[in-house]
Amino acid sequence: MATTNQELQKWVDDVARLTRPDNIHWCDGSETEYQGLVKQMLASGELLELNQDTHPGCYLHRSDPTDVARVEHLTYVCTRKRDDAGPNNHWLAPAEAHERMDKLFEGCMQGRTMYVIPYCMGPIDSPYARCGVEITDSPYVAVNMRLMTRMGAAALARIERDGSFVRGLHSIGELDPEQRFIMHFPEELSIKSFGSGYGGNALLGKKCHALRIASWQARQEGWLAEHMLIVGVENPQGETHYLACAFPSACGKTNLAMLLPPASHAGWKIWTVGDDIAWLHVDDKGQLRAINPEAGYFGVVPGTNAKTNRNAYDMIGRDTIFTNVAVTADNQPWWEDKDTGEPALDWQGRQYTPGNGKAAHPNSRFTVAAKHNPSWSPRAEDPSGVPISAIVFGGRRRELAPLVYEARDWQHGVLVGAGMASETTAAATSKVGVVRRDPMAMKPFCGYNFADYWAHWLALGERAAEPPRVFHVNWFRQDERGRFLWPGFGENLRVLRWMIDRCEGRIEARDTPIGLLPHPGDLDTDGLAVEDDTLEALLSVDSSAWQQEMTEIGKYLESFGERVPAELKARQEEVLKRLS
Ligand code: SAT
Ligand code: MN
């Protein structure tokens, strides 16, 4: 017996009988274990040592070239009733899905070691935290889970105490794209993932558990599991406001969460609580609170440099696992816009030539423990989480969406989130740069019907004593020549300040049909090379374009049928009326 939890022991035994591994290793989460796994993967070639003088504790993993991003078309939510998964998910009946998956898993771990990975999403003593166990045949997954979650003995002890856990079964199989599926069974709190070793498909604590399964659990238990960063903004007077911000994958969540205040903002500090996922609860006083269920970052590497994200740049100089970056002649990791060095080998290990495309894969990633982040918030370990002052939605939109606007109230805020759209990125295997609806940045991650999800959002607001204000931002507006209108990165602090001033009731806003916008004078642009007419463009609302957008949002909501809350439709019609 490796655990006193009989259900867990029986599941592990059953899986071993099905998959027939040579060995079973229960992960304890220790440093010794981590170093042992690294050593083993260096020997097998699954990890390559990077330059240990410049990058101590850093390694490179090159994934299979067909396995570099999430596969949304192969990701399913398997509920008994199809409508419970909703039009936003691919669906299979649970029995059929199990049958298909179990066939794939049969004997798939022969000649391999099976790792049993107990983990806890959230501070180990938090009432908001939830545990899971991932079984995998990938040591790469095991070391990444150690960096990304509270993994090992403490998590197992909590599972044995609480008795409940999410079951995640994973095998890389033969990494065959034709034999690749990520299946979720929310009613059984279980996940089966086969044929991919890539982050979001394989590190099951992350998108599979902490978003898809957790969103389902959250609805039943009255909380929210969201694709949000959590950031604390401390002003020179020492007051900190916490914001929870939802942006789609590869739209700058990590950069915003770790923002370094520009020189013009002496005395301001930014504290990272989380960079990807937030679990939100209304506490017994009616205050919305958030924890970050994760303990590490799986961030996009390209574009990271000393100017765009100094904190991340410094953080990934040690104790980091890189996936699919290029390397320099002296074996340092290299990626586009690193601003120093040059690539010798590309992400596939070939001699670098520009004719082969980018040196680093556009979705190349770093995995690193959160405690190495210079802006890591001490409150990230607070079992009761942090109080949330504002919810921020945002996307990557060349056009239309202004730099920032505020919803009139919670209900309107839910409409703003539900109507979100963003250009697709390299984080998923599909065409990049296409605008698609991505409600609350949860399109790939909501484990149930969006119509029910919006109703749940509306209901949660009712339970808050004073629901947080809701904003929408867009850092990505471009002019006709494709130049960004707003400098972004550290300068985004100016927009965060406007939002906080609004939360504190310190400033008025300009009423427009889509919501409340800053008076141009209220957005501090001192020292920025942003001309008045650029600022005007950034803060303008094009009525006819917005009429079209709102009409499309209406059609989108209707595509979810009867289950869409009437309140949401009423809010959409109200905005449309204001626009005409
Ligand atoms: O690949 S992950 O899902 O882990 C990261 C992301 O796409 O947001
Ligand atoms: Mn993400």
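This chain uses plain numbering: 1 for the first residue, then up along the sequence. The structure displayed is predicted, hence computed values, not measured ones. Counting convention: from 1, in listed order, for ligands and their atoms alike.
Annotation: cation-pi geometry not satisfied between Arg219 and Tyr453 (NZ/CZ under 6.0 angstrom from ring centroid, within 45° of ring axis). The cationic atom of Arg212 (NZ for Lys, CZ for Arg) does not lie both less than 6.0 Å from the six-membered ring centre of Phe445 and within 45° of the ring axis.
When each atom of ligand 1 is checked for a heavy atom of Arg365 under 4.0 Å away, the hits are 5 (C), 6 (C), 7 (O). Using a 4.0 Å cut-off to heavy atoms of Ala427, the atoms of ligand 1 that qualify are 7 (O). Heavy-atom contacts of Phe298 reach the following atoms of ligand 1: 1 (O), 4 (O) (cutoff under 4.0 Å). For ligand 1, the atoms sitting less than 4.0 Å from at least one non-hydrogen atom of Lys206 are 4 (O), numbered in the order shown with element in parentheses. Using a 4.0 Å cut-off to heavy atoms of Ser249, the atoms of ligand 1 that qualify are 6 (C), 7 (O), 8 (O).
Here the side chain of Asn309 pairs no donor or acceptor atom with the backbone of Thr304 at under 3.5 angstrom. Within the 3.5 Å criterion, the main-chain N or O of Gly447 finds a donor-acceptor partner in the side chain of Ser215. Under a 3.5 Å cut-off, the side chain of Asn474 and the backbone N or O of Arg397 do form a donor-acceptor pair. Looking only at distances, no side-chain donor or acceptor of Asn305 sits under 3.5 Å from a matching main-chain atom of Tyr313. Between the side chain of Arg477 and the backbone N or O of Leu403 there is no donor-acceptor pair closer than 3.5 Å.
A salt bridge does not link Glu174 to Arg180: none of the charged side-chain nitrogens sits closer than 4.0 Å to a carboxylate oxygen.
Residue-and-atom listing of protein N/O/S atoms under 2.8 Å from the Mn ion (ligand 2), sorted by chain and number: Lys207 NZ, His227 NE2, Asp276 OD1.
Thr79 is listed as a side-chain neighbour of Trp91, based on a closest heavy-atom distance under 4.5 Å.
Between the choices Ala428, Gly200, Gly299, Ala69, the shortest heavy-atom distance to atom 4 (O) of ligand 1 belongs to Gly200.
Looking at atom 1 (O) of ligand 1, its nearest protein heavy atom turns out to be Tyr198 OH, 2.6 Å.
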